[in-house]
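Have a look at the structure below, then the notes.
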There are 2 protein chains.
Amino acid sequence: MFAIGTVERDTGISRDTLRIWERRYGFPTPERNDKGERVYSAEQIQRLQRIRRLLDQGLRPGKVVPLEDEALNKLANTLHDVLLSPGDIDPAHTRLIDLASCGDIPALNTALEQALAREGLSSFVLDTFAPLTKAVGELWAAGRLQIFEEHILTRQLVRFLDVAMSRVGHPPGNPEVLLGTLPGEQHALGLLMAEALLINSGRATLNLGTDVPLDEIVTAAERSGVSTVALSFSGCCTRNTIRDDLEELVERLPPTVCIWIGGDGVRRLRRLPPSVEIMSLESI
Amino acid sequence: MFAIGTVERDTGISRDTLRIWERRYGFPTPERNDKGERVYSAEQIQRLQRIRRLLDQGLRPGKVVPLEDEALNKLANTLHDVLLSPGDIDPAHTRLIDLASCGDIPALNTALEQALAREGLSSFVLDTFAPLTKAVGELWAAGRLQIFEEHILTRQLVRFLDVAMSRVGHPPGNPEVLLGTLPGEQHALGLLMAEALLINSGRATLNLGTDVPLDEIVTAAERSGVSTVALSFSGCCTRNTIRDDLEELVERLPPTVCIWIGGDGVRRLRRLPPSVEIMSLESI
DNA sequence: AGCATTTTTTGTCCTAGACAAAATAAATTT
DNA sequence: AAATTTATTTTGTCTAGGACAAAAAATGCT
């Protein structure tokens with residue numbers, strides 16, 4: 001039996017949210033210890049983790065949290081089918097995905113090395129690495145990967161691209177493009193792929209990584225004298241403040257700096273501030 | 001101005017604790033927005049981060065939190081002097097630190113490459129990389145680095161070690177040591193250094209990275225069949241529950257698995273559960 | 001269909017008190 | 001004097017139910 005702090009830690013759902021779900025939706029239903037504190041069973045924690053996965057897919061708590069086990073199973077299966085429809089997966093990548101999902105890291109690395117050697121960095125990133133990244137995300141969303149498996153895979157993919165980039169070497173001169181994600185956005189792979197393509201075409205980059213406060217991006221852009229700031233927005237980041245953030249950026253950056261945005265999250269954006277440009281990996 | 005949730009995230013001090021410090025010690029003293037919610041200034045956050053560092057050194061909240069700026073400075077300086085006595089800084093690393101703090105990434109990389117070639121991976125990690133990591137942390141704590149500079153530096157250091165490890169290659173066979181940090185702990189460099197030393201001595205590793213839920217560590221350890229689980233706790237790791245976490249781990253892991261812990265955060269631990277061992281990088 | 005406005009949903013924050021685990025101080029025994 | 005036990009202080013986590021605004025969905029309007 002686990003205390004609410006433990007549950008928060010293991011599910012990523014805050015105490016406040018756990019308590020308010022209990023009040024509003026009747027789940028979870030922890031027992032109480034002699035102190036009167038909530039204690040959660042392992043089963044409830046597991047169900048909370050499943051619920052979290054569904055929420056990350058964009059489902060709403062009111063439609064998911066109150067569900068009985070059966071309905072929850074059904075919903076998870078439906079989503080699984082939709083995300084992993086057979087047509088989506090290129091057979092050429094099936095082996096890579098299999099290696100990824102069974103956790104055979106050395107074999108995965110070897111296969112990636114071969115693909116890289118065969119295709120060259122640019123084609124490799126566009127045709128092999130990016131689809132693989134997407135497949136991992138879908139497997140994770142479908143619950144076919146444990147959290148730790150996804151951790152390991154992402155780490156390996158990051159590492160692989162880092163190594164590939166180091167072979168190309170850092171282009172000389174001052175950086176031209178600054179890369180980063182805004183706070184709340186933890187997905188680094190999009191940035192890395194963009195960086196690899198830029199470096200491969202001889203343009204020096206400055207990668208700030210994920211979760212960078214807006215004013216730090218401004219400061220870094222000014223100090224480094226880049227001509228472009230590239231931001232990545234993943235699909236699961238649904239913040240409606242993207243537009244506000246972009247407007248603030250446009251206002252605070254030097255007028256000569258142009259802004260690229262990319263990632264699955266930009267598709268839902270409609271009107272964009274001027275000097276903001278949607279970029280895909282292909283167009284780099 | 002920042003909300004309490006942001007402060008919790010940026011300082012690692014929980015909301016509850018922030019509120020109760022305010023009540024008990026008269027610090028922090030956030031203002032209120034029109035909703036009546038606490039809003040913290042950047043200065044207060046910075047002071048909270050300094051306080052946290054002092055607490056991580058083993059000082060008690062009651063002796064530190066209520067202090068005025070002056071007394072806090074004095075205390076910090078005393079401790080700083082103890083930590084960074086002049087003999088501690090190897091002149092050979094001064095140049096690396098300078099390159100790091102002025103943001104000249106290519107030059108830093110070159111210098112690191114030279115040191116690596118000269119010393120070999122193990123000595124390099126122990127004698128050059130680890131002190132450099134520490135120095136970056138000190139610079140950051142002393143406010144001599146912007147956030148984005150620290151982001152970039154850390155990224156570069158991670159990348160450099162990843163590349164160095166990839167040259168050694170992944171040892172064959174099943175992984176022996178699983179590495180990771182518990183939720184809330186974002187510092188990956190300690191893990192990476194340990195991994196580099198392990199790989200260099202021919203032991204296969206499985207690095208889960210940072211912020212891994214405890215039960216995922218258990219699952220991963222069971223599935224991968226490792227003989228050792230290595231955890232890193234940085235000095236600024238605020239969770240006071242390290243011992244609880246360790247006890248839970250001991251209980252849930254197979255009895256044959258032994259646990260290594262390392263990092264600046266383990267110093268304040270006194271009694272440890274059996275089968276938990278404090279490891280330094282040197283002893284790997 | 002595209003856009004603006006209303007309604008519902010949802011997570012974060014509030015207060016102030018209770019309590020046990022950890023750390024320290026004090027008392028006792030070896 | 002050192003070690004062990006007991007008392008006291010310190011400290012962080014948890015409780016309750018209400019309030020509120022941001023986000024999402026639903027509705028109305030070109």
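A note on names: the letters A, B, ... follow the listed sequences, proteins ahead of strands, and every chain is numbered from 1.
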Which residue lies more 5' along DNA chain D, comparing D34(B) with G62(B) via nearest heavy atoms:
G62(B)
Value in whole Å for how far the [atom2] atom of [N] lies from [atom1] of [X]:
X: I13(B); N: dT11(D); atom1: CD1; atom2: P; result: 14 Å
X: N33(A); N: dA20(C); atom1: CG; atom2: P; result: 9 Å
X: L59(A); N: dA25(D); atom1: CG; atom2: P; result: 10 Å
X: R32(B); N: dA19(D); atom1: CZ; atom2: C1'; result: 14 Å
X: R19(A); N: dC14(D); atom1: CZ; atom2: P; result: 8 Å
X: L18(A); N: dT12(C); atom1: CG; atom2: C1'; result: 13 Å
X: Y25(B); N: dT9(D); atom1: OH; atom2: P; result: 15 Å
X: K63(B); N: dT11(D); atom1: NZ; atom2: P; result: 8 Å

Closer than 4.0 Å, any side-chain N/O of S14(A) to the OP1 or OP2 of dT12(C)?
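Answer is yes, contact under 4.0 Å.
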Quick one: is dT10(C) close enough that its OP1 or OP2 comes under 4.0 Å of any side-chain N or O from W21(A)?
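So the side chain of W21(A) is outside the cut-off, no N or O lying under 4.0 Å from OP1 or OP2 of dT10(C).
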What nucleotide among [options] has an atom nearest to a side-chain atom of [X]?
X: D16(A); options: dA20(C), dC14(C), dT10(C); value: dC14(C)
X: T17(B); options: dA16(D), dT13(D), dC14(C); value: dT13(D)
X: A3(A); options: dT10(D), dC14(D), dT15(D); value: dC14(D)

Measure all distances between protein nitrogen or oxygen atoms and nitrogen or oxygen atoms of nucleotides 6-8 of chain D, and list the pairs falling under 3.5 Å.
none

Considering non-hydrogen atoms only, spot the tightest contact between [X] and [Y] and give its length.
X: A194(B); Y: L179(B); value: CB-CD2, 3.8 Å
X: S41(B); Y: F2(B); value: C-CD1, 4.5 Å
X: L281(B); Y: G190(B); value: CD2-O, 4.4 Å

Under 4.0 Å, counting only non-hydrogen atoms across every strand here, what does [X] touch: a base, just sugar-phosphate, or nothing?
X: R38(A); value: sugar-phosphate
X: R23(B); value: base
X: I20(B); value: base

How about E282(B): does its CD atom have over 12 heavy atoms from other parts shown lying under 6.0 Å from it?
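Yes - once you tally the heavy atoms of other residues, nucleotides and ligands closer than 6.0 Å, there are more than 12.
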Neighbour count >12 (heavy atoms, 6.0 Å) for atom CD, E222(B)
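Enclosed: over 12 neighbouring heavy atoms sit under 6.0 Å from CD of E222(B).
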Has the side chain of R24(A) got a donor or acceptor atom sitting under 3.5 Å from an opposite partner on the base of dG11(C)?
yes
Residue pair E22(B), L18(B): steps toward the side-chain contact (heavy atoms from CB on, under 4.5 Å) verdict:
CA-CA 6 Å; E22(B) 185 181 336; L18(B) 286 168; over 6 Å; no
Stepwise side-chain contact (heavy atoms from CB on, under 4.5 Å) check, L178(A) with V257(A)
CA-CA 10 Å; L178(A) 183 149; V257(A) 173; over 6 Å; no
Rounded to the nearest 0.5 Å, what separation is found between the CG atom of L48(B) and the OG1 atom of T11(B)?
5.5 Å
